[in-house]
Structure formats: structure tokens, C-alpha cells
Amino acid sequence: MRIVLFGPPGSGKGTQAARLIARHGIAHLSTGDMLRAAVAAGTPVGLRAKAIMDRGDLVPDEVVIGVIADRIEEEDARNGFVLDGFPRTVGQAEALATLLAERGIAIDAVIALEVDEAALLGRVEKRARETVAAGGAVRADDNPETLKRRLAAFREQSAPVADYYRRQELLSAIDGMREMDAVTAEIDRIVAEAKANAEARADG
Ligand code: AMP
């Protein structure tokens, strides 16, 4: 299965991605995690991305596309993957389509988590509190000011990605404000349907 989880910061993509990979034995491809690792390791990509991420803006397309192109080549992604936080622009979505087509594979489903923007600030604050309580370090970009920029980036640059996939009839939009388990159940239903469709195509 190859799934895109799409939604604004704080919409629960990370939590739902973790559940999907546990259930389906597929790789979790989070560009945010990969970029944070690159920043921590001080790689050229990390050096380029750090200030942009701290501001809450999007890292240039060519940087994240390069990161994803390398990552989908790795062994654990052969079986399938969940893309979490990528693509975030139509340019990235188009580059992904090309990358996958070159490998003879395709996206099975795009699941968009729709959330009330006003509630996101509360969610991100809660995530920061829980991280501190668990003895972890709070993400540099999990603060109200940066979140506002991340939300603006989502509205302006990422929202068109949903339309891109809707036109391709790949998009399933779900209410991300519901209980976490209810959202998971809905995602499971969409994935099961996409799997059945993929198998039917393979048989046909
Ligand atoms: P995330 O963990 O997905 O919220 O990503 C954290 C930050 O990493 C974002 O605010 C961006 O600065 C950067 N980032 C992650 N994924 C992408 C992407 N697909 N395109 C551009 N920037 C990204």
C-alpha cells in the first residue's frame, strides 16, 4: 500500500501514520522527521533547512523532493509506505507522480484530515506539554507564532494539493476533529477499500 496522509500541522497525521505502519508493515516517510534528522546531523540539507523550518516556512521543493527520492529507494519502503507531510505543494505532488511512474508504482489513496484551524493551536500546545511531561524536547516550531506561519503555508501552498488529488479521484477527506480511534477506524475503511481496488486492478 502507498498512502499519502494529508493535513495541516497538528491534524494528527503523525499519530495516524504510526498506527498505519504498525498495522500494514509499511514504512513511515515523514519529511518533517527526515529534515529534523538532517538538521541534527548538520548535513548540507539540514543546514539549508534549519532557519526555514524554525520560521515555519516550507523548505524548497527541490530539497524535499531529493530527500523523498532517496528514501523511497530504501529496502523498507519497497513493500509500501505512508507519506506524512509530503507532498505539501502541487510541484511536489507532480514530482512524486513522476518518481513513482518511473518505478512502475502509484499512490493507492490520499487521506486528507480536515480540522478546525482554531482548535489546532490548542492541539499543538498540548503536544508541547505532553512532550515536556515525557522528558522530551519540544520541537522548535511548536510555538504559537511559528504555528501561525505553518498554517498560512498550509492554506496558501498545500491546500491546492488536495484539489490536485481530488481531480485524480484519489482523495478521501475525513473529519480529523473526531476521537483519534474514530479517525483511525475511518482510515482503516478507506485503506481496505483502496486495497480491494488495487487487487481488482491487478486481477483485471
Ligand atoms: P512537519 O513535521 O511535517 O510539521 O514538518 C516540519 C517542517 O519541516 C515544516 O514546517 C517545513 O518547514 C518542513 N517540511 C516538512 N515537510 C515538508 C515538505 N514536504 N515541503 C516543504 N517543507 C517541509
Side-chain angles (χ1 to χ4, degrees), residues 2-21 27-72 77 81-100 107 110-115 117 119-128 130-131 136-165 170-171 176:
R2 295 180 188 89
I3 299 158
V4 173
L5 264 186
F6 180 79
S11 59
K13 294 189 300 291
T15 304
Q16 298 299 339
R19 292 180 174 190
L20 269 172
I21 60 157
H28 182 188
L29 274 49
S30 155
T31 40
D33 286 350
M34 292 177 221
L35 291 169
R36 279 185 288 278
V39 169
T43 67
V45 164
L47 293 175
R48 229 180 130 183
K50 186 178 185 318
I52 301 171
M53 292 172 74
D54 286 348
R55 270 202 311 275
D57 290 336
L58 292 186
V59 172
D61 280 357
E62 79 266 15
V63 175
V64 276
I65 291 164
V67 166
I68 278 290
D70 291 342
R71 185 65 184 84
I72 59 174
F81 48 74
V82 179
L83 285 168
D84 162 6
F86 181 94
R88 259 175 158 102
T89 65
V90 171
Q92 291 176 20
E94 287 170 346
L96 176 66
T98 305
L99 276 176
L100 297 183
I107 294 294
V110 177
I111 302 169
L113 296 172
E114 295 187 330
V115 290
E117 253 198 40
L120 289 178
L121 193 57
R123 275 199 181 185
V124 170
E125 280 169 353
K126 183 164 169 255
R127 174 159 80 190
E130 285 170 355
T131 305
V138 176
R139 281 173 50 169
D141 60 354
D142 267 355
N143 61 73
E145 209 151 294
T146 310
L147 182 69
K148 277 193 202 123
R149 275 192 86 88
R150 289 162 66 202
L151 284 172
F154 181 82
R155 261 195 314 274
E156 289 155 24
Q157 292 164 275
S158 306
V161 174
D163 297 326
Y164 171 89
Y165 285 121
L170 277 172
L171 190 85

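Atoms within a ligand are numbered from 1 in the order they appear, just like the ligands themselves. Just so you know, these numbers come straight off a predicted model, no measurement behind them. Computation of the quantities below employed the complete heavy-atom set of this structure, encompassing side-chain atoms and omitting hydrogens, waters and symmetry-equivalent molecules.
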- Roughly how far, to the nearest 0.5 Å, is CD1 of I65 from CG of D70? 12.0 Å

- Item | Spatial distance of atom CD (E94) from atom CG (L99) [nearest 0.5 Å] | 12.5 Å

- Message: Show me, by chain and number, every protein residue that has a heavy-atom distance under 4.0 Å to ligand 1.
- Response: T31, G32, L35, R36, M53, D57, L58, V59, V64, G85, F86, R88, Q92, R139, D141, R150

- Test: D142 and R150 ion pair at under 4.0 Å: yes

- Item | Electrostatic pair E130:K126 at N-O distance under 4.0 angstrom | yes

- Please test L100 against I72 for side chain to side chain contact (heavy atoms under 4.5 Å, CB included), starting from the C-alpha separation and ending with a verdict. CA-CA 9 Å; L100 297 183; I72 59 174; 4.1 Å; yes

- Apply side chain to side chain contact (heavy atoms under 4.5 Å, CB included) to K148 and L121, showing your working. CA-CA 8 Å; K148 277 193 202 123; L121 193 57; 5.6 Å; no

